[in-house]
Structure formats: C-alpha cells, structure tokens
A.B. asks: 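Please read through the structure below; I'll follow up with questions.
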Amino acid sequence: AQKITQTQPGMFVQEKEAVTLDCTYDTSDQSYGLFWYKQPSSGEMIFLIYQGSYDEQNATEGRYSLNFQKARKSANLVISASQLGDSAMYFCAMRPRGGSNYKLTFGKGTLLTVNP
Amino acid sequence: DGGITQSPKYLFRKEGQNVTLSCEQNLNHDAMYWYRQDPGQGLRLIYYSQIVNDFQKGDIAEGYSVSREKKESFPLTVTSAQKNPTAFYLCASSMLLGRGSYEQYFGPGTRLTVT
C-alpha cells in the first residue's frame, strides 16, 4: 500500500518569495513516480512536475522544483518567485512504475496563499 | 485543442435518483479514471479503465458504475445505493504505464449535489 502525507494544511508566502510545500511518502515499491498537482479554486487539477524514483537529478519545471530525498522518503515542492496566481491547493501524489497498477495515491493537500 | 470535457459543471438531483456524469477525452489516451473529492480532502479513486470494454474498481467503487464502450468516453453513474453522493467528481486520462511519467490529465470536474 502507498501513503502520501502532507503535514501543512495551509501555507502563506509573500509575493516574489520562495516557498516549500512538504510531502512525505511510504511505499514498499522499488520503482515509483511522484507527482505534484495544483488545484485552483476553479477545481481542475493541473499537473506541475514529476520525479521518478531512479532519477538521479531533482526535477525542475520553470519556477517549480522538486526536492527529492529518497532516503527520507520526501518529495517537497519548491516554488520560486511566488506569484498571486500561485494561490491554490497543491497535492502530492505517487504511483508504482511498471506492472499493471495505475493507481495514483493522493495526499490531502496544502492550501497556499500568496500575499501581495 | 486536445483535452478532457466533463458535463455538466453543476448537477443537482433528488435523493433516490440515479445520475450519470459525462467524461470525454480527445487525447487518444488508453486509460481513464474517475475520482471523488470531498471538502478539504484529496482525491479518491472510484473506477479506472485501461482499455475499451474493461474497467476495474478503485478504493470507493460501492454505489457507482461505469462503462467504457468507446476509447474516448468513460461515463460514471452515481446510483441511489451511494450513501453520500454529494461531492466533486473529477475524470482523468493518461497513456498506459511504461517508461516516462505518463501523468494523468484532468477534466474541469462536475459538482454533484443530492438533496
């Protein structure tokens, strides 16, 4: 079984500053993928970034980077230079790689508020 | 533009009625998924389908049914057996597992209210 824990129900950050959203996971799979999604108030889920468990480098996508620490089983999302439009719910998720298990397991999310 | 459409955005039903939520994708994805989201919670998987005419139960399939007669379509029926049907329902699709991330792409969601 897989489990995702997001311990920060809410976070506040000043515009233009960086913020880190925490995510820890638990799995018995050797190969897995980690995802971050953004959910604005409109409701749709927007894919942000992906990290494979065997990827040697931390993933980066524009202002998003994933601080992957495999030994600690953590996959924190770092947003640099926060913008007002970054205010949203952020979900960490994971799934096994390979085999026929397609299931994505989600955390409960962190509500990020960017202050002007 | 490629994407996933869900209709309607808001849906109201009386208790005891079945209701079907629509999900269509033109991304040529093989796999499709239905999730339920309750206030302040993450997403929970209801059903998923890897191929036409085949689907599997997720974590909370009781009270729901699906069909996959076409690759592009994966409708979800919320039956009267679902005890707490009021929720936000999200449909997603992805390529099949293999190399790469194969992230799931989501539709805009349907907010179902049952009174």
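Just so you know, these numbers come straight off a predicted model, no measurement behind them. Chain letters run A, B, ... following the sequence lines, proteins first, then strands; residues in each count from 1.
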A.B. asks: Does A:Tyr54 have A:Lys70 sitting over its ring (NZ/CZ under 6.0 Å from centre, angle to axis within 45°)?
C.D. replies: yes
A.B. asks: By number, which residues in residues 19-27 of chain A have some heavy atom less than 4.5 Å away from chain B?
C.D. replies: none
A.B. asks: For B:Leu45, is it the side chain, the backbone, both, or neither that has a heavy atom closer than 4.5 Å to a heavy atom of chain A?
C.D. replies: side chain
A.B. asks: Hey, are A:Asp86 and A:Arg63 close enough for a salt bridge, meaning a charged N less than 4.0 Å from a carboxylate O?
C.D. replies: yes
A.B. asks: Verify whether one side chain among B:Tyr64 and B:Glu62 offers a donor that lies under 3.5 Å from an acceptor in the other.
C.D. replies: no
A.B. asks: Got more than 12 heavy atoms from elsewhere within 6.0 Å of CG, B:Leu27?
C.D. replies: yes
A.B. asks: Checking A:Gln39 against chain B: side chain, backbone, both or neither under 4.5 Å from a heavy atom?
C.D. replies: side chain
A.B. asks: Measuring centre to centre across the rings, with the benzene-like ring taken for any Trp, is B:Phe106 within less than 6.0 Å of A:Tyr37?
C.D. replies: yes
A.B. asks: Counting neighbours of NZ on B:Lys9 that are heavy atoms of other residues, nucleotides or ligands and sit closer than 6.0 Å, is the number greater than 12?
C.D. replies: yes
A.B. asks: What are the residues of residues 107-115 of chain B, in order of number, with any heavy atom under 4.5 angstrom from a heavy atom of chain A?
C.D. replies: B:Gly107, B:Pro108
A.B. asks: Which pairs of donor and acceptor atoms, one on a side chain in residues 69-77 of chain B, lie under 3.5 Å apart (sequence neighbours left out)?
C.D. replies:
unit_1	atom_1	unit_2	atom_2	d
B:Lys71	NZ	B:Asn28	OD1	2.8
B:Ser73	OG	B:Glu24	OE2	3.1
B:Thr77	OG1	B:Thr20	OG1	3.0

A.B. asks: How about A:Tyr32 and A:Gln51: does a side-chain donor come under 3.5 Å of a side-chain acceptor?
C.D. replies: no
A.B. asks: Taking side chain as C-beta onward, heavy atoms only, is A:Gln69 less than 4.5 Å from A:Ser74?
C.D. replies: yes
A.B. asks: With rounding to the nearest 0.5 angstrom, report the OG to CD distance, B:Ser94 to B:Gln25.
C.D. replies: 9.5 Å
A.B. asks: Which atoms of B:Gln37 are under 4.5 Å from chain A, going by heavy atoms: the side chain, the backbone, both sets, or neither?
C.D. replies: side chain
A.B. asks: Taking side-chain contact (heavy atoms from CB on, under 4.5 Å) as the test, write out the residues that go with B:Gln41, two or more places apart.
C.D. replies: A:Lys108, B:Asp38
A.B. asks: Considering only heavy atoms and a distance below 4.5 Å, find which of A:Gly107, A:Gly43, A:Pro9, A:Ala93 pairs most often with chain B.
C.D. replies: A:Gly43
